[in-house]
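Below: the structure, in structure tokens.
Just the heavy atoms: all of them, side chains too, but no hydrogens, waters or symmetry mates, feed the values below.
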Amino acid sequence: MIAKRLYMIFAAIASAAFVFQAAQAETQKAVSPSEFQRAVEACFTPPPGATGAVVIAATFEADGSLDKTPVVIEKGNGAIDQAFANAAMRAVLRCQPQLAAMGIQGEVRFNFAPVPSQAADGVSPNAPSEKRLQEMQDAAQRLQAFAERNRHSREAMKPTNPEVSKTLDILCRPSEAEKLDELSPHEYKTVVSYTRSLIVVMNIYEDPATARSQKAITDNMRGLGACLDATLWSSRAAVTITKKMFSEMPELSSNPKAAAGRDQVYSNIGLVIEGSLEALALDGMEASWCDARLAPLTGLFETAYPVMPDKHKVTLRSAMRQAEKCSDQTRLSLKSLLQPRHP
């Protein structure tokens, strides 16, 4: 289930990102909300350390003057985030003359999101290099070829097999995958490429030929903890990048193709979490193994839950209750996530 849903998620991201890039190209041809945003950012001097995004709504008269004081409609919590919001408000007020000269009129929303510093070439410092992505692709191809040669040898395909284990070590690096969340929408192809290699792993071990009994499934999953973690972290990045696309360009919501891609990401991500919870619910799975999965599972849940369709929230909550049996720590952690929360 995990591999199939991930394929669908990243196809949806590619669809939404295509529209996102096309829309950005259009903003270079005429004055647009995105160009007004860039003008305000030139007046913006944010304090370091903020974590929450800020959205400011401002209404402009026909001559570009402010109809009333702009309003902060979204901001983070804490003193630093408040300072970040104050700096954003000052930027809108300071740049009003420039905005008037650009012909601004009506209600405009300005988005200010703390982002990690980027290298001069626009690549996030924690983005996997092209060399690393190629290394993963090569390793995935070797694993796929090995699986095809040993399709009916469950012993050979065990993750503990030295030949398999060496390849999995190349592919499955959770600490690396966790940092994908910091990438910008422009780097969605990196997330897609990275996760495509992880999908190969999950696809192989979801194949009934690899494990035909419940015990074999549990045994295999024990050796795939790092791969499951990396998959969960990269799935979180998929949701985050989708959110960033629509935050940077709210007008994408009115584009049917982009909106459909976004909705497909949000629909399928719950099923990815469900598939992961099924691993925690396996009979005979050790408590320590389940507890080790809680960090990436919680990270993905907290990012994805607010935007998931209600029907998937219901089935997800049921799956989480099934997974509670694995350990006391798992039960307590999942119960805390199951507390009533609002999108």
Side-chain angles (χ1 to χ4, degrees), residues 1-10 128 132-178 193-235 268 271-297 300 319-320 322-327 329-330:
M1 174 184 285
I2 295 175
K4 179 180 179 182
R5 294 300 172 181
L6 283 172
Y7 276 124
M8 296 175 69
I9 286 170
F10 287 100
R132 168 63 179 145
L133 294 175
Q134 186 61 54
E135 178 187 43
M136 292 182 68
Q137 182 179 330
D138 293 343
Q141 290 176 350
R142 290 197 301 274
L143 184 64
Q144 184 68 62
F146 185 83
E148 290 174 359
R149 293 195 305 269
N150 297 275
R151 183 173 178 79
H152 300 293
S153 176
R154 283 170 286 173
E155 193 67 29
M157 286 308 302
K158 284 185 176 180
T160 52
N161 178 343
E163 185 171 351
V164 173
S165 177
K166 182 179 179 180
T167 304
L168 294 179
D169 287 344
I170 295 173
L171 287 165
C172 306
R173 299 178 182 177
S175 60
E176 179 182 74
E178 183 178 0
S193 176
Y194 190 98
T195 308
R196 185 178 291 117
S197 296
L198 294 173
I199 291 174
V200 171
V201 178
M202 305 312 295
N203 199 41
I204 288 172
Y205 285 96
E206 288 177 4
D207 187 340
T210 304
R212 300 178 183 177
S213 67
Q214 184 67 48
K215 182 179 183 303
I217 292 173
T218 303
D219 288 344
N220 283 342
M221 193 54 66
R222 285 193 185 100
L224 294 172
C227 296
L228 182 57
D229 291 351
T231 300
L232 291 170
W233 286 128
S234 64
S235 297
N268 285 304
L271 297 173
V272 171
I273 300 176
E274 285 182 47
S276 303
L277 289 168
E278 289 175 2
L280 274 68
L282 288 171
D283 291 336
M285 190 59 76
E286 293 81 1
S288 59
W289 188 92
C290 292
D291 295 346
R293 312 283 78 80
L294 291 176
L297 187 59
L300 176 56
M320 293 180 79
Q322 293 295 319
E324 287 179 9
K325 69 177 186 178
C326 193
S327 75
Q329 181 60 46
T330 297

Working to the nearest 0.5 angstrom, can you tell me the gap between [X] [atom1] and [Y] [atom2]?
X	Y	atom1	atom2	result
Lys158	Asn220	NZ	CG	8.0 Å
Thr231	Leu224	OG1	CG	9.0 Å
Trp233	Leu198	CH2	CG	14.0 Å
Leu282	Gln322	CG	CD	12.0 Å
Met285	Ser327	CE	OG	12.0 Å
Ile273	Met320	CD1	CE	8.0 Å

Specify the closest pair of heavy atoms between [X] and [Y], including all atoms of both residues, with the distance to one decimal.
X	Y	result
Phe146	Ala156	CE2-O, 3.5 Å
Ala230	Cys172	CB-CA, 4.4 Å
Pro128	Tyr194	CG-CD1, 3.7 Å
Asp229	Ala292	OD2-O, 3.9 Å
Leu168	Gly223	CD1-O, 4.4 Å

For the pair Leu297 and Leu280, evaluate side chain to side chain contact (heavy atoms under 4.5 Å, CB included) and give the outcome as yes or no after the intermediate values.
-> CA-CA 11 Å; Leu297 187 59; Leu280 274 68; 4.2 Å; yes
Donor-acceptor contact below 3.5 Å, side chain Trp289 vs main chain Cys326 =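 Such a contact is absent between Trp289 side chain and Cys326 backbone.
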Any donor-acceptor N/O pair, Asn203 side chain to Ile199 backbone, under 3.5 Å | no
If we only count heavy atoms from C-beta on, is the [X] to [Y] side-chain gap below 4.5 Å?
X	Y	answer
Ser276	Leu228	yes
Asp219	Thr160	no
Tyr205	Pro159	yes

Only distances under 3.5 Å count here; give the side-chain donor-acceptor pairs of residues 133-143 to other protein atoms, sequence neighbours excluded, each with its distance to 0.1 Å.
{"unit_1": "Gln134", "atom_1": "NE2", "unit_2": "Asp138", "atom_2": "OD1", "d": "2.8"}
{"unit_1": "Glu135", "atom_1": "OE1", "unit_2": "Arg132", "atom_2": "NH1", "d": "2.9"}

Kindly determine whether Thr218 and Asp283 satisfy side chain to side chain contact (heavy atoms under 4.5 Å, CB included), including the steps that lead there.
-> CA-CA 7 Å; Thr218 303; Asp283 291 336; 5.7 Å; no
Tell me, which pairs form a side-chain hydrogen bond (donor to acceptor under 3.5 Å, both in side chains) where one or both residues lie in residues 164-174, sequence neighbours left out?
-> none
